[in-house]
*Asks:* 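Below are the structure tokens for one structure; questions will follow.
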Amino acid sequence: MRLRTIMAIVFCISAIVPMLLFWLWPHSSFLGSKGTEVNEPHEVVASSLAAELGRYHQELTTSFQIAVENVDAEGKIVPMPLILDRMEFKNICVVEIQTGKVVQSIQSSGLTCPEQLSEQQLLRLLQMLERQERTLTTTPVMSVENHGNVIYTLYRKDTLLYVGAVSSEYVSSVGKRIQIGTLGHAAIFDQAGKVLSHPNAEWQISRKSFEDAFAFDVMKSRGSGVEVVISPETGQETLAGYAHVPNVGWTVMVFQPISELESEVAAFKYTTFTIMAIGMVLAIALAYFASKLFTFPLEQMIQAMKRIGNGELRAHEQIKESVYDPLEFEDAREAIKAMAKKLQENIDTISRHAYLDGITGLPNRECFKVLAQEHIEILQANNSKGAILFLDLDGFKQVNDIYGHRSGDDLLKGFADKIHLYCGNEMKRRAYGADNAVNILPARLGGDEFVIFLGNIKNEDTVEEFAKGLFSRVFGKFKLHNGVSLQVNGSVGGALFPDQGSDFDELLRLADIAMYKAKNGGKGRFCLHQEGDPIPEEEPYQEETPVQEVEVQEEEFLREEEFAPVMQSELS
């Protein structure tokens, strides 16, 4: 029996034709109208609020620029009370970029300017301008003691930085005007996902962050739309219309609980099932013709699977989709795509395991050798200096013996994570303002041995400074999966390129010798290879000092967007 015949019989029984009748009946129009009735108001309201806030922000920045450019013959700002009061400016501070000194201040509501900005404060403000690639921008909402929440407007001109503090009350009032249904409301979030306006007064006052609750980046990329989200207040599904305020990065969201829409949805479902039941009458006549439509995508999937088996992993992309295909075919297409994706992932995994260490994720010995040799050749061509550091953990064998190999793997993974973080931070710090950024490449050789390649260094002082950072930032306290916290130390040796070695193998050998010199000298030390250092014929025996259990307190890190308001006079 042909597949088409079998499918005709099955389709008659399983009511494929009622689905076709459902589409012939004005279902699409009905569905579209229901979707418009539910979704369009939320998106329209959010877009309207975003447009209003966009106009407000444009007027705010324009007024600020006009105000700060209204100067007298001596270059001092001539206060414009009408603009300051209308836009609710609390103050305007003029900062000299080179020194951080506040050379002029205009107070409107008692919020005073500091006499001097620290170098860190000034750098933060300038970085906000640089990230926006503008000379005029607006900061996220901040809290100023005794003055509530404010927004800072920044404008850079020549050697001066103009900073204006603006009350966020207008933005708050815009959001509180909106109410959708019985429980619907609007909320406005700043660039960092913090609350600018919300019916929950406590959240607004504390500038509660929702950066992790909503996909703001996705919303901003789409401009506007409607999503179903989980309400942070009630934990229930909520329909959220959203829109992005251009040029400032604010996001407007209009929420309404799904429960308010359930009655209309229930009526819609009842109508849907009624129409499907009527369509069953015509199922027999249309089943045969439907079977012809459904065998074609099946044949396509069979051909795609054959081509995937021959190595064409993207063959599934050529499978055409049709609105008439049953869900099983859609599942089959997704299964084929998943199979192709899994095959590609397996290929990637095999390639990755060939070059990365399975426990730490760092480059393994072979990968490190290839990358380090490439860096050495570049340094040699540019007449630059470099170094290799050899790290060895003290007492690692006791961790495996006492706590088990899983704990040993935890320690290696944690140690590698700290190395990766430290190296990344050092590359950023040393790259700032430098002509040639320092290249830093960490790797694991095996066991408890790690190596780090440094490129484009100035001299051996750079190596010693970097090594000291290892003892203060990497070696130290680690917490294992079983709750045990250990104090882990180590020894570090180094060798310089090209002063002490001109190729990878020689540098690694000399760094290894220097590491043993540091270990023999008392451990927890760094030694740079010196000419004449003895070369041990075999690894010297050193009794391992057992690691000690310690208490580890969780460290608190300041996030960039959480930095304190820079214009508070209390800041030091």
Side-chain angles (χ1 to χ4, degrees), residues 352 355-365 367-368 371-372 387-400 402-432 437-455 457 462-494 511 515 518-519 523-527 544-560:
R352 185 169 61 252
Y355 298 105
L356 299 182
D357 178 63
I359 295 176
T360 65
L362 294 176
N364 58 22
R365 176 187 290 269
C367 180
F368 178 74
L371 296 178
I388 285 184
L389 298 182
F390 199 111
L391 290 70
D392 182 80
L393 303 183
D394 295 337
F396 177 73
K397 184 176 183 299
Q398 282 78 359
V399 176
N400 285 331
I402 297 174
Y403 304 105
H405 286 280
R406 180 180 176 184
S407 297
D409 291 345
D410 280 352
L411 178 57
L412 292 174
K413 180 64 169 60
F415 187 76
D417 290 343
K418 293 181 74 173
I419 286 181
H420 188 271
L421 178 62
Y422 173 66
C423 291
N425 290 337
E426 284 296 293
M427 286 185 68
K428 294 178 182 178
R429 183 176 69 85
R430 297 175 184 275
Y432 184 76
V438 176
N439 296 321
I440 305 177
L441 174 66
R444 180 193 178 201
L445 293 184
D448 59 346
E449 295 179 339
F450 294 80
V451 288
I452 300 176
F453 178 84
L454 304 177
I457 63 174
T462 304
V463 181
E464 292 181 0
E465 179 187 354
F466 182 85
K468 289 180 181 179
L470 290 173
F471 291 103
S472 62
R473 303 297 297 276
V474 178
F475 291 107
K477 299 176 182 179
F478 293 85
K479 190 172 183 180
L480 308 182
H481 73 280
N482 53 9
V484 175
S485 300
L486 304 177
Q487 176 71 33
V488 179
N489 296 318
S491 303
V492 182
M515 185 274 295
K519 187 179 288 288
K523 300 182 180 179
R525 301 172 62 245
F526 166 70
C527 284
E544 293 286 349
T545 303
V547 294
Q548 299 179 353
E549 295 186 14
V550 296
E551 291 185 3
V552 176
Q553 298 181 351
E554 295 294 333
E555 297 182 358
E556 296 182 354
F557 295 92
L558 290 177
R559 301 174 58 179
E560 180 174 337

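FYI, side chains are in, hydrogens and waters are out, and symmetry mates aren't considered; it's all heavy atoms of this structure.
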*Asks:* Considering all heavy atoms of both residues, which atom of Gly493 and which atom of Phe526 are nearest to each other, and what is their separation?
*Replies:* C-CE1, 4.1 Å

*Asks:* First locate atom CG of Leu356, then atom CG of Asn364, and finally report the distance between them rounded to the nearest 0.5 Å.
*Replies:* 7.0 Å

*Asks:* Among residues at least two apart in sequence or on other chains, which ones pass side chain to side chain contact (heavy atoms under 4.5 Å, CB included) with Leu371?
*Replies:* Cys367, Glu374, Leu441

*Asks:* List for me each residue that meets side chain to side chain contact (heavy atoms under 4.5 Å, CB included) alongside Ala518, sequence neighbours excluded, and say none if there are none.
*Replies:* Ser491, Arg525, Cys527

*Asks:* Taking the side chain as every heavy atom from C-beta outward, state whether Lys519 and Asp394 have any atom pair closer than 4.5 Å.
*Replies:* yes

*Asks:* Mind checking whether Leu470 and Ile452 have side chains closer than 4.5 Å, heavy atoms only?
*Replies:* yes

*Asks:* Report the distance from atom CG of Asn439 to atom SG of Cys423, rounding to the nearest 0.5 Å.
*Replies:* 11.5 Å

*Asks:* What I'd like to find out is whether the side chain of Phe466 reaches to under 4.5 Å of the side chain of Val438, using heavy atoms alone.
*Replies:* no

*Asks:* Nearest 0.5 Å, please: how far is CZ in Phe450 from CE in Met515?
*Replies:* 12.5 Å

*Asks:* Sequence neighbours left out, what passes salt bridge (charged side-chain N to carboxylate O under 4.0 Å, His left out) with Glu464? Give chain and number order.
*Replies:* none

*Asks:* Could you list the residues that satisfy side chain to side chain donor-acceptor pair (under 3.5 Å) with His420, not counting sequence neighbours?
*Replies:* none

*Asks:* Going from OH on Tyr403 to CG on Leu480, what distance comes out if it is rounded to the nearest 0.5 angstrom?
*Replies:* 7.5 Å

*Asks:* Within this structure, what is the CZ-CG distance for the pair Arg444 and Asp357, rounded to the nearest 0.5 Å?
*Replies:* 4.5 Å

*Asks:* Kindly give the heavy-atom pair with the smallest separation between Phe390 and Ala511, and that separation in Å.
*Replies:* CB-O, 3.6 Å

*Asks:* Taking side chain to side chain contact (heavy atoms under 4.5 Å, CB included) as the definition, give me every residue that meets it alongside Lys418, ordered by chain and number, with sequence neighbours left out.
*Replies:* Val474, Phe478

*Asks:* Ion pair present between Glu426 and Arg429, side-chain N to carboxylate O less than 4.0 angstrom?
*Replies:* yes

*Asks:* Indicate yes or no: at least one non-hydrogen side-chain atom of Val399 is less than 4.5 angstrom from one of Leu393.
*Replies:* no

*Asks:* Once rounded to the nearest 0.5 Å, what's the spacing between atom CD1 of Ile457 and atom CD1 of Ile440?
*Replies:* 10.5 Å

*Asks:* For residues 408-415, please give each side-chain donor-acceptor pair under 3.5 Å, one per line with the distance, not counting sequence neighbours.
*Replies:*
| unit_1 | atom_1 | unit_2 | atom_2 | d |
| --- | --- | --- | --- | --- |
| Asp410 | OD2 | His481 | N | 3.1 |
| Asp410 | OD2 | His481 | ND1 | 2.6 |
| Lys413 | NZ | Asp417 | OD1 | 2.9 |
| Lys413 | NZ | Asp417 | OD2 | 2.9 |

*Asks:* Tell me the closest heavy-atom pair linking Asn489 and Phe475, and the distance in Å.
*Replies:* C-CD2, 3.6 Å

